[in-house]
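Notes follow once the structure below has been shown.
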Amino acid sequence: MPRYQPSRIEPKWQAWWEEHDTFATPRLPTGRKRYVLDMFPYPSGDGLHVGHPEGYTATDIVSRFERMRGTSVMHPMGFDAFGLPAEEHAIRTGTPPRESTERNIATFTRQLKMLGFSYDWNRVLATTDPGYVRWTQWIFLVLFDTWFDPVAQKGRPIAALPIPAAVAARGADAVARYRDEHRLAYQSEAPVNWCPALGTVLANEEVIGGVSERGGHPVVRIPLRQWMLRITAYADRLERELEGLDWPASIKKLQSDWIGRSTGAEVDFFVPPTAGADAAFAAWQTARKQTGFPTQPGPDALRVYTTRPDTLYGVTFMVVAPEHPLVDTLTTPAQRAEIAAYREAAARKSDLDRTDLAREKTGVFTGSHVIHPLSGRPVPVWVADYVLATYGTGAIMAVPAHDDRDFEFAGTFGIDVVTVVEPAAGPAKPDTLFTGDGRAVNSGPYTGLGTREFIARVGGDLAAAGLGRPAVNYKLRDWLFSRQRFWGEPFPILHELDAAGHPTGAIRAVPEAELPVNLPLLTDFKPGDTPDPPLSRAPADWLYVDRDGKRYRRETNTMPQWAGSCWYYLRFLDPGNDGRFIDPAVEQAWMPVDLYIGGAEHAVLHLLYSRFWHKVLYDRGHVSCPEPFGRLVNQGMILGEMEFTGYRSSKGGWVSAEKRQEGDVAAKIPADQVEKQGEHFVLRDAPQIRVESRAYKMSKSRGNVVNPDQVVRDFGADSLRLYEMFMGPLEATKPWSTTGVSGVRGFLDRCWRLVVDERADELTLAPQVCADPPTDAQLREINRCIDKVTRDIEALSFNTAIARMMEFVNFCTPLRPAPVSLAAWPTVEPQWLVDDTVEIPVQIQGKLRGRVVVPAGADAAALEAAAAADPKIAELLAGKRIVKVVAVPGRLVNFVLG
RNA sequence: GCCGGAGUGGCGGAAUGGCAGACGCGGCGGACUCAAAAUCCGUUGCCCGCAAGGGCGUGUGGGUUCAAGUCCCACCUCCGGCACCA
């Protein structure tokens, strides 16, 4: 075995590790622990992508490094195996999703083992395992059994929910309904995108311009009973507790923006009767002063939310969302037809269309006015879809002078613009937009106040008058948790049926002992004519159950893919436990995750959902820490190889890239036919023609996907791993380069030849390997290398650690190598980190003019003297006036001349 | 539009405010070889110069500093994300 042959070495050791269970982790750590976790993959049919091993190699290095230093390391791997692609494959081919999923998991497992990661494979799990689904369903039941106590700011058992006397008086059914309304898992009618032609419900992203992305069929929004999770109850904690996490600042900000906390006020505008408005308004004001601000507005009030109550005197119209419950009341007979048409059109649009594409503001006047609570003046009410029914109160007071959306709307429909805030710089021009803070004008008793002062003052006044109150709102919505799909976790919920087989509205949880509720065997995965989920076509013996003399139908929605990934990091710690989802002693010993590495695409959803579930489990006493992931790192994307693209016109000639037009054809150009000219690359044979140079995201359609199996075949797994770590910083986006892989392969070859005689037929040590004691220079080199590599691994700076090892091998090549040990991480002997002498650069006027060698500990005065004594420096300084000398020990000397 | 991140040789990249370009790829020259591959050695930011040497240089323009890739201000380009949240 003369040469370095990874195809022989790697499988041998992988088999040895497997046989000896080398990376098995004990149930409980001994001494210092580290939980080092990868974001587990979705096992797609395409197998592993080169992007996967990037993060996995980083965590593997950290895991092995920590083990070598005696740390107890938890480093598991598993599969996020529910999901749409398997189901779509099933619809196309008739193969049951479980079958294709298992095949894909087998491929992923083979590839992961081929790459030599040090996972404890005894802990492997898939979210689709019945033994895992059982506990996902169990956690759902914890959510179902929990309500959020706003006073304690925590989740508590539903049995502890105080029942108002009025509800209790109406009997057991009313109490049950009251509880159901307060659970963290609750049902609600939510609009979905239903595409009759495709026979399926679509996600917002799958609907473009009112038609389906696939096929271009019409999509309608219909209300459907959905399961929701009350994540909004935790919005405040999810935002506040981000602070203590060691996460990239950008990810924290992304989550914080997603949660989108905003503070302001709710204000009621009076909805007057058709006759006698003035008297009714006066009576309303008097009544409000006594009753205060009601929790829910009655039909006599239009409630709005605003962050700028200081602009109340600038209100010139109101806008309510098309779905607002007061629309019918407010619409006058003359406007009825127009409003109805507008609402119908709005219903046809998806959320995405209403926000994304509808740039031009649209709306319809209802014909009615409401009464301004402070000025008593009538204000016209419009319906427009730029106001969202799902945020705030679904209605706004529009202040065109100080809000750009309202300004745009007022411009479109010719509504007055009334300035009530002036910038500090002085009076603004009339009919202009100013959204900053300033000084109030035209605002009755508040005129002259600064924005912040105004907001504080009017908030108190409104509350005292029963016309408003301070309010907090979040962009975060409750989590729509059900899918009309087959390949997901069934809900452990039963719906009570009456004698005629219709749901009574009563629901009950499947008892814990009966979990898991497994998916029924279906043969037909095709969608039907109605938005009923596939499970509604399950055999009757699955679908219907009898309990306590009553008949029930199972819930037929399934959970979304996010469910399984919300808690897998907990199950890894105790994967075989049949009695509980995790043993508390094990949880306390290993949690939280110390290092979590994965793609930034999960910045918001997965990481927010997991934190939410974890906090609920924490509140209910099932886990011991409030946050699951201590340190988070996002690995960057790996792009395809750099490409040069030229353009040809339809007539066939080349077109310079900056002049290209639609219809010109792109052509890939080999690297040896281009050269750099100034800022750009040009064709070598036609330098006036610019070409584009760029690396693209890997994609099948582009044909630039790199297959890890092929790379391992050509270069070996260690070369692949080493290359991915050497490419650049872990967190950076970087292009693939096959010659780069062969470069690190060359490094491994060189390492091999350092110790192995490549000319021998059998494996023998190279002749230069001997037992002579190392020289001081060698000790200095090896200690410095160890020191730098240790510090770089701790900082996840793998590219520089590898560069330092390459330097070490370059140093060693003519010499004998230092012994290599796999047993323990080598320690640094500090005496070898310092030199006897150092070379110090000497500058004159900040420009490098020479170098002097001085003793390592030389102080500033000695440095200056040595520099001045240098013949070349002395010559340059001769006859000059030295104004100042900067001498930094160990760094440099700089002479500043007059 | 808003919010992030990044702009350094032909390419990927390195550099606690202190010698810009470590390390690798690619290129060029050489050794070995009949030859090639592999390997090894040297060289490689740009410009001027026979050389010694000098000048320029981290997206652009300004600033702070003895000293700026690094700090501050303004701008340009690319990448990613969000997008009427009142």
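Source: prediction; values computed, not measured. A, B, ... follow the sequence lines: proteins, then strands. Residue 1 opens every chain.
Taking atom CZ on A/F726 and atom P on B/rA22, their separation rounds to 11 Å, with Å as the unit. The CG-P distance, from A/D792 to B/rC23, rounds to 15 Å in whole Å.
For A/K847, taking side-chain heavy atoms from C-beta onward, the closest of the listed nucleotides B/rC56, B/rG24, B/rA22 is B/rC56. Closest to the side chain of A/L254, out of B/rG81, B/rG18, B/rC23, is B/rG81. Considering only side-chain atoms of A/V886, the nucleotide from B/rC56, B/rC19, B/rG18 that sits closest is B/rG18.
Annotation: the span from A/R690 atom CZ to A/S656 atom OG amounts to 5.5 Å, rounded to 0.5 Å. Atom CG in A/L302 sits 4.5 Å away from atom CE in A/M318 (nearest 0.5 Å). Rounding to the nearest 0.5 Å gives a distance of 11.5 Å between CG of A/D437 and NE2 of A/H402.
B/rC25 and B/rC40 have their P atoms separated by 10 Å, with the value rounded to a whole Å. B/rC2 sits 29 Å from B/rU8 when the C1' atoms are compared, rounded to a whole Å. With C1' as the reference atom, B/rG1 and B/rG10 are 38 Å apart, rounded to whole Å. For the P atoms, the distance linking B/rA68 with B/rG55 amounts to 16 Å, nearest Å.
For the side chain to side chain donor-acceptor pair (under 3.5 Å) test, no residue two or more places apart in sequence or in another chain qualifies with A/Q843.
The base of B/rC3 has none of its N or O atoms less than 3.5 Å from a complementary donor or acceptor on the side chain of A/K253. Taking only distance into account, the side chain of A/R3 never meets the base of B/rU39 through a donor-acceptor pair shorter than 3.5 Å.
Relative to the ring axis of A/Y696, A/R702 places its NZ or CZ within 45° and under 6.0 Å from the centre.
Figure legend. B/rA38 is base-paired to no nucleotide; pairs are counted as Watson-Crick or G-U wobble with both atom distances under 3.5 Å.
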Nucleotides 6-10 of chain B: which of its N/O atoms have a protein N/O under 3.5 Å away?
none

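Among all heavy-atom pairs drawn from A/A858 and A/P889, the shortest one is O-CB, 3.7 Å.
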